[in-house]
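Here, residue 1 is the first one in the sequence, and each next residue gets the next number.
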Amino acid sequence: MDSSSSKGKRKRGRKSNKAAAADQRPPSPDAAPAPAPAAAGRRGRKPRRVVAPADSDSSRPSSPPRGEETKPVANGGDAVVGELGPGAWEEEAVRVVPSMDAVVKVFCVHTEPNFSLPWQRKRQYSSSSSGFIIGGRRVLTNAHSVEHFTQVKLKKRGSDTKYLATVLAIGTECDIALLTVSDDEFWEGVSPIEFGSLPALQDAVTVVGYPIGGDTISVTSGVVSRIEILSYVHGSTELLGLQIDAAINSGNSGGPAFNDRGICVGIAFQSLKHEDVENIGYVIPTPVIQHFIQDYEKSGEYTGFPIIGIEWQKMENPDLRKAMGMKPDQKGVRVRRVEPTAPESGYLRPSDIILSFDGIDIANDGTVPFRHGERIGFSYLVSQKYTGEKAVVKVLRDSKVHEFRMKLATHKRLIAAHVKGRPPSYYIVAGFVFAAVSVPYLRSEYGKDYEYDAPVKLLVKHLHAMAESPDEQLVVVSQVLVADINIGYEEIVNTQVLAVNGQPVKNLKNLVTMVENCKDEFLKFDLEYDQIVVLKTKTAKAATKDILTTHCIPSAMSDDLKT
């Protein structure tokens, strides 16, 4: 779901400082590379407070003054007991740090697919990040910490043993993953972490994890500085998030954020890295975490966060409201476009005014009441629902109020934001490599700044095009593997295929079917920019085998296209 303001600002060209900061992605995955470099310096000033009880040598407190000793506290922290008189000991006020025995270090070996050469994978690499134990013999961490995993291991605080973990679910949109360990020894002597409610502004938070710069646990602290709908970089979505001023560095990903009572209020997951920014970190709050967990418990898998499949416009201009037939006491947002594949397409129309969602009135700027003195985007209400649930939407249409009970579903994008662990699809004929465009594909071809460097036609489709059917894909000629059969076509790169022998291309599988079943003398591909490719059918198919052998490609098509 997009407002005109959010989509309209994403323009090609030079980034402003603010845009560059907002678009800057933390290292992906934000887990620390292994092995971590020693004594990596932190940019910017130090966190305002460093909670000292961790095993980290750099933050270990000095020895207690003479006459004092350090005694363990039940929750795993340390309390300082002062000497008040000869032989008389009495506990002073104690700063209790949260339980850290449930915080684990996550080791992952990743093997990413190669979208530019889809018949092979990239070289594997290792990373380390953080996680924590919750009820039901489960562990939470970030999705990007275990993305494209080959092997995941967990190590408890103070242990020298790494335990093999099983990935139960990966929530790409919310950047959360759920793990478990089959070895009973792993769960011995550890109490699961409990979740608290959403904190308020200026509430103290303590982030615990295993960031880069050392091997032992690290603790930083700060306060909640902002609560709003945030851009989740890994998920390419917008969900509720907390901004904090505690340092979140590579390796902190997946670690818990505690309040001052030692209760978990979120998961550290990304930070803002820019030369004008100091100590801005982001935390996934408990409402999003609980939604992910309950979604998994209800369905046995992660089904995602639903959306309203529309683009909308603010109604803050009084002339616009009057022209749309709104009364002075009516507020809402105007529907610009409706996704053809969304359930809402059966109810909503362009220029409808959405007045309320589930009985909560929507303001002209698209916000709804949140807490005392706070407002938040109405997409928060939608994200609180589960896939398949229904919601009551009140709409103004032709000066009449209508009420619809609509089923909510997840977003179906023409250019998918994620492949969700599946290997990329491809098809090769006569050296022409055909592929379906996705965000990982664009990132592989054009780097992290793909939204500025990719061809304009692809970017327009990425930002504004809507799928007409659930299985529609944008198919391109990725590259041409040079051979005698394709002389003159060598420079065609990442150009959309519109039709094969006059038949429109719906998706990659549809293209494969048309080419494989073609009995015509010639194969004709209509491409974007009014280009055409013509090949003799029998010669093209016969040449494919030699081209595959030359480039050591095992098959002319990916496994998912063979069935």
Side-chain angles (χ1 to χ4, degrees), residues 113-122 414-416 419 422-446 450 454-458 461-462 471-563:
N114 190 334
F115 287 87
S116 297
L117 302 172
W119 48 87
Q120 64 187 36
R121 285 185 171 261
K122 295 181 181 178
L414 177 62
I415 295 182
V419 295
R422 296 188 300 271
S425 301
Y426 72 92
Y427 176 62
I428 302 174
V429 63
F432 287 80
V433 181
F434 298 95
V437 179
S438 63
V439 171
Y441 176 86
L442 293 175
R443 190 176 289 118
S444 174
E445 289 285 291
Y446 301 102
Y450 66 90
V456 174
K457 292 267 189 179
L458 293 184
K461 298 274 196 328
H462 168 50
D471 60 348
E472 184 178 355
Q473 291 177 320
L474 194 153
V475 180
V476 295
V477 177
S478 173
Q479 61 176 307
V480 179
L481 305 174
V482 178
D484 293 345
I485 186 69
N486 53 48
I487 288 176
Y489 300 131
E490 302 95 335
E491 295 181 359
I492 298 177
V493 176
N494 289 331
T495 305
Q496 184 180 358
V497 185
L498 303 177
V500 176
N501 287 3
Q503 298 297 314
V505 174
K506 289 177 55 180
N507 51 49
L508 188 55
K509 193 172 184 66
N510 173 236
L511 180 144
V512 172
T513 301
M514 288 192 288
V515 173
E516 291 291 313
N517 296 334
C518 180
K519 305 298 182 184
D520 298 343
E521 183 181 0
F522 293 101
L523 270 173
K524 179 185 176 185
F525 299 96
D526 293 314
L527 309 182
E528 193 68 88
Y529 309 107
D530 297 318
Q531 294 185 81
I532 62 170
V533 169
V534 179
L535 300 166
K536 203 162 187 176
T537 305
K538 288 185 178 179
T539 309
K541 292 182 178 179
T544 302
K545 185 175 181 181
D546 289 338
I547 294 173
L548 296 179
T549 302
T550 301
H551 292 271
C552 301
I553 301 173
S555 175
M557 66 181 77
S558 53
D559 291 340
D560 60 314
L561 299 177
K562 294 178 181 178
T563 55

Judged by modelled atom types alone, do [X] and [Y] share a side-chain donor-acceptor pair under 3.5 Å?
X: Tyr441; Y: Ser478; answer: yes
X: Asn507; Y: Glu472; answer: no
X: Gln531; Y: Tyr489; answer: no
X: Thr495; Y: Glu528; answer: no

Answer yes or no: does atom [atom1] of [X] have more than 12 heavy-atom neighbours from other residues, nucleotides or ligands under 6.0 Å?
X: Asp530; atom1: CG; result: no
X: Lys509; atom1: NZ; result: yes
X: Lys506; atom1: NZ; result: no
X: Asp560; atom1: CG; result: yes
X: Lys562; atom1: NZ; result: yes

- Message: Under a 3.5 Å distance rule, please check whether Lys536 uses its side chain to pair with a backbone N or O of Leu523 as donor and acceptor.
- Response: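 Such a contact is absent between Lys536 side chain and Leu523 backbone.
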Of all heavy-atom pairs between [X] and [Y], which one has the smallest distance, and what is that distance?
X: Asn486; Y: Ala430; answer: ND2-O, 2.9 Å
X: Val505; Y: Asn510; answer: CA-OD1, 3.6 Å
X: Thr537; Y: Phe522; answer: OG1-C, 3.3 Å
X: Val429; Y: Ala540; answer: CG2-O, 4.3 Å
X: Ala436; Y: Leu508; answer: N-CD2, 4.2 Å

- Query: Does the side chain of Asn501 come within less than 4.5 Å of Cys518's, by heavy atoms?
  - Reply: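 A side-chain contact exists here, since the closest heavy-atom pair is under 4.5 Å.
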- Query: Would you say Tyr450 and Val439 make side-chain contact, with heavy atoms under 4.5 Å?
  - Reply: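 Tyr450 reaches Val439 side chain to side chain.
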- Relative to each other, are the rings of Phe432 and Phe525 parallel, tilted or perpendicular (30° and 60° limits)?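 Judged by the thresholds at 30° and 60°, the geometry between Phe432 and Phe525 is parallel.
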- Message: Quick check for you: to the nearest 0.5 Å, what is the distance between Gln473 atom CD and Ile415 atom CD1?
- Response: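 Rounded to the nearest 0.5 Å, the CD-CD1 separation comes to 11.0 Å.
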